[in-house]
Colleague: 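Sending over a structure as structure tokens; questions will come in a sec.
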Protein chains: 2
Amino acid sequence: MSQTAQPPAGPLGGAGAGGRSSARPTLEEVAALAGVGRGTVSRVINGSPRVSEKAREAVQAAIAELGYVPNRAARTLVTSRTDSVALVVPEAETRLFSEPYFSDIISGVSAELAETDMQLLLILVRNQRERERLSAYLTAQRVDGVLLVSVHQDDPLPSILESLEIPSVLAGRRGDLEPLSYVHADNAGGARMAVRHLLRRGCRQVATITGPLDMEVAQARLGGYRRALEEAGRPYDEELVGLADFTEEGGRLAMRELLERRPDLDGVFCASDLMAAGAMQVLRAAGRRVPDQVAVIGFDDSIVARHTDPPMTSVRQPIEEMGRTMARLLLEEIAERGRARRQVVLATELVVRDSA
Amino acid sequence: MSQTAQPPAGPLGGAGAGGRSSARPTLEEVAALAGVGRGTVSRVINGSPRVSEKAREAVQAAIAELGYVPNRAARTLVTSRTDSVALVVPEAETRLFSEPYFSDIISGVSAELAETDMQLLLILVRNQRERERLSAYLTAQRVDGVLLVSVHQDDPLPSILESLEIPSVLAGRRGDLEPLSYVHADNAGGARMAVRHLLRRGCRQVATITGPLDMEVAQARLGGYRRALEEAGRPYDEELVGLADFTEEGGRLAMRELLERRPDLDGVFCASDLMAAGAMQVLRAAGRRVPDQVAVIGFDDSIVARHTDPPMTSVRQPIEEMGRTMARLLLEEIAERGRARRQVVLATELVVRDSA
DNA sequence: CTAGAGTGTGGGAGCGCTCCCACAGCGCAT
DNA sequence: ATGCGCTGTGGGAGCGCTCCCACACTCTAG
């Protein structure tokens with residue numbers, strides 16, 4: 001027998017006012033109180049210029065008095081806008097994220113959306129079944145746009161979005177000719193910076209440990225490594241390239257192999273902090289001092305970079321800003337309905353600590 | 001001039017079928033095709049038992065043929081259910097989370113919700129203004145329930161939820177007599193386990209570094225420390241208690257003070273991994289070997305625990321399961337509309353590594 | 001003066017669904 | 001035969017909004 005909801009508890013207080021019920025006020029009631037028609041109230045709410053000053057004020061007063069809040073469902077029903085966007089994260093990727101990544105993306109997206117009255121829906125996709133459900137979901141037009149965190153080249157989700165023609169923005173891209181809008185960090189530039197730092201420090205044999213090369217990020221970081229070497233007139237030596245998978249264990253394995261192949265190496269650029277952490281452990285176990293004998297640089301500037309011994313030099317990507325930018329691009333795309341592809345590359349930065 | 005959406009691309013293919021338009025099919029069209037009334041289709045969709053087998057089959061066939069998906073807005077408009085829940089995270093708390101915390105909570109919540117067709121809305125609240133907006137938002141009944149991640153005793157959000165009488169579940173609780181439903185880890189038990197481990201290991205002077213005592217988690221962990229000592233017949237000595245704020249820097253400060261006050265200490269239980277990491281740094285700088293001279297245990301089993309030197313023994317809380325449980329409780333609470341308070345305490349676990 | 005173009009306004013129609021009432025059809029007890 | 005209940009069904013009403021048409025009223029030009 002209890003009430004489902006409280007009265008709005010507006011400036012005039014709750015149930016007191018006598019006549020009016022405690023249910024949520026509707027646009028119609030606002031119109032009645034303001035002495036205008038429904039159309040006018042709607043126009044005021046939606047910021048139409050075609051309303052007289054007098055009417056606008058009356059309506060606004062009525063809205064304030066009643067504590068009126070528009071019913072989103074009713075609006076959606078007629079406009080078929082939902083005023084919400086989805087952030088879609090394939091669960092598999094989740095394991096690859098450098099640690100505060102996810103929170104930072106969310107934080108950025110949410111910050112940008114806070115200005116608007118867009119809702120943020122979070123959708124984690126953990127398997128094929130859920131991928132199909134997502135497809136159905138999106139086809140049913142339940143969101144105005146999609147932010148997709150996806151890194152693998154063979155992820156089917158981007159193509160789905162493409163064919164659905166729903167406004168969407170990717171974090172990262174599948175390749176150079178990514179047809180969808182995307183935001184990503186300057187991975188190549190960051191890697192180049194890191195390797196130049198190693199060279200400038202006097203390293204003669206700079207190795208690298210890469211991520212899986214079916215990911216554009218991994219390719220780009222390897223590309224930056226290569227470019228820096230070439231710019232310095234050094235040969236690109238495949239023996240100095242260790243393939244791994246972004247994980248700590250992968251980093252350890254790759255480092256051991258590298259050490260065996262090229263015991264003379266004196267610098268390692270790792271495409272992730274986790275791999276760098278693994279590499280540092282192996283180096284230490286092999287009796288090499290970091291950074292004196294071997295300098296190490298990671299990528300991501302994640303939490304672990306601050307907690308290795310010695311603290312790790314790493315390339316920082318502006319993840320929160322990526323989130324913010326993604327949201328902004330998506331809002332633009334939704335607003336204009338025109339399918340202009342947008343791409344933003346954000347600068348990376350070398351955070352120098354003690355490992356290099 | 002471009003189409004807003006693609007046809008459903010159902011089994012029968014898109015625009016081909018001639019008569020029917022490419023717009024999303026409505027319940028009415030399903031009814032027509034199935035040769036029944038709207039009511040019957042609605043009953044089938046909502047799983048009412050009062051439908052003949054024959055009608056049900058006809059309707060299901062029609063749904064499949066048309067690729068029909070119910071319009072959520074229309075349903076919401078009449079039922080005033082939204083089929084969505086919000087996960088509310090005060091931004092301030094975000095900084096206190098041990099690192100994969102946020103992702104793990106989300107992952108758990110999302111996993112539980114995936115079974116249902118509930119949507120997950122994510123709301124980050126970063127300041128007073130947004131707190132007010134959230135209030136308005138919730139008053140407008142835009143979600144069926146709320147999951148709140150909040151740890152501070154003086155957070156106003158829980159009280160707001162309480163007075164709004166909206167189904168809600170907290171991660172953590174404000175105190176013993178938390179009136180809202182909540183899920184939390186057995187912090188006291190975990191702390192007790194950790195301290196017992198230290199004692200069993202032979203530590204004679206076990207110190208602790210606590211979090212801010214206006215947080216129930218911090219209190220509970222301190223309580224567990226105290227209890228373990230008392231059970232072992234040791235006195236609770238305030239000199240061995242260092243107050244900090246869950247941060248690494250706080251851990252360092254507290255450790256220095258502790259070391260000064262009680263140079264004889266040989267074990268430290270820290271209420272967070274970050275503080276433990278800070279403490280370990282200070283111990284090393286002071287020339288104390290961990291774990292030989294001073295054993296250290298952290299709390300959270302976060303990423304950093306695996307990356308300190310030596311790797312840290314820490315108390316693990318089942319965060320993903322907390323998320324899952326929160327979602328489950330919330331669904332129950334929404335389903336029954338009865339405001340029965342639910343509380344679940346999940347067991348913690350000591351992960352033994354090298355620091356103790 | 002009238003015609004015409006603009007401005008501001010009210011309110012009908014209708015978005016796609018659920019709710020609920022009315023009613024048909026059946027079996028069973030009276 | 002009549003009455004009653006129960007099951008399954010169709011469809012009207014209506015949720016709260018936006019869209020858009022019609023209209024009143026103003027102002028300017030002819």
Side-chain angles (χ1 to χ4, degrees), chain A residues 4-5 8 20-21 23-60 62-63 66-84 117 139-142 144, chain B residues 4-5 8 20-21 23-60 62-63 66-84 117 139-142 144:
Chain A
T4 295
R20 256 159 243 292
S21 92
R24 286 183 57 196
T26 69
L27 179 141
E28 189 104 41
E29 297 174 42
V30 173
L33 181 59
V36 299
R38 272 190 349 273
T40 300
V41 177
S42 178
R43 260 159 270 170
V44 170
I45 290 168
N46 294 291
S48 157
R50 312 208 151 293
V51 182
S52 68
E53 201 48 45
K54 186 160 152 276
R56 186 186 314 280
E57 276 163 19
V59 169
Q60 268 152 357
I63 287 176
L66 295 176
Y68 171 76
V69 184
N71 180 315
R72 220 186 187 94
R75 176 180 289 169
T76 296
L77 185 55
V78 36
T79 59
S80 61
R81 272 184 295 111
T82 61
D83 290 326
S84 57
D117 69 342
T139 313
Q141 309 211 62
R142 287 220 267 250
D144 295 343
Chain B
T4 294
R20 256 159 244 295
S21 93
R24 287 184 57 197
T26 68
L27 179 142
E28 189 105 41
E29 296 174 42
V30 173
L33 181 60
V36 300
R38 274 192 345 272
T40 301
V41 177
S42 178
R43 265 166 294 223
V44 170
I45 290 170
N46 295 291
S48 157
R50 313 206 152 293
V51 182
S52 67
E53 201 48 45
K54 187 161 151 276
R56 187 187 314 278
E57 276 163 19
V59 168
Q60 268 152 358
I63 287 177
L66 295 176
Y68 171 75
V69 184
N71 180 315
R72 222 188 186 92
R75 177 180 289 168
T76 296
L77 185 55
V78 36
T79 60
S80 62
R81 273 184 294 112
T82 61
D83 290 326
S84 56
D117 69 341
T139 313
Q141 308 211 67
R142 287 219 267 250
D144 295 342

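Atoms considered below: every heavy atom in the structure, side chains included; atoms not considered: hydrogens, waters and symmetry mates. Throughout, a chain's letter reflects where its sequence line sits, starting with A, and its residues are numbered from 1.
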Colleague: Could you work out, with side chain to side chain contact (heavy atoms under 4.5 Å, CB included) as the rule, every residue matching A:Ala58, not counting sequence neighbours?
Modeller: A:Ala34
Colleague: Summarise protein proximity over nucleotides 15-25 of chain D in one line of letters, 5' to 3': B for base, S for sugar-phosphate only, - for none, counting protein heavy atoms closer than 4.0 Å.
Modeller: BBBB-B-----
Colleague: Across the strands shown, which category fits A:Ala55 at heavy-atom distances under 4.0 angstrom: base, sugar-phosphate, nothing?
Modeller: sugar-phosphate
Colleague: Whole angstrom is fine here: how far is it from NZ in B:Lys54 over to C1' in D:dT9?
Modeller: 11 Å
Colleague: Could you tell me which non-hydrogen atom of A:Ile45 sits nearest to which non-hydrogen atom of A:Arg75, and how far apart they are?
Modeller: CG2-NH2, 3.5 Å
Colleague: Could you please spell out the steps behind the side chain to side chain contact (heavy atoms under 4.5 Å, CB included) verdict for A:Thr139 and B:Val69?
Modeller: CA-CA 9 Å; A:Thr139 313; B:Val69 184; over 6 Å; no
Colleague: Verify the contact: side-chain N or O of B:Ser52 to OP1 or OP2 of D:dG8, cut-off strictly under 4.0 Å; return yes or no.
Modeller: no
Colleague: Please name the residue in the list A:Asn46, A:Val44, A:Thr40 that meets the side chain to side chain contact (heavy atoms under 4.5 Å, CB included) test with A:Ser42.
Modeller: A:Asn46
Colleague: Which pair of heavy atoms, one from A:Gln141 and one from A:Thr82, lies closest together, and at what distance?
Modeller: O-CG2, 3.6 Å
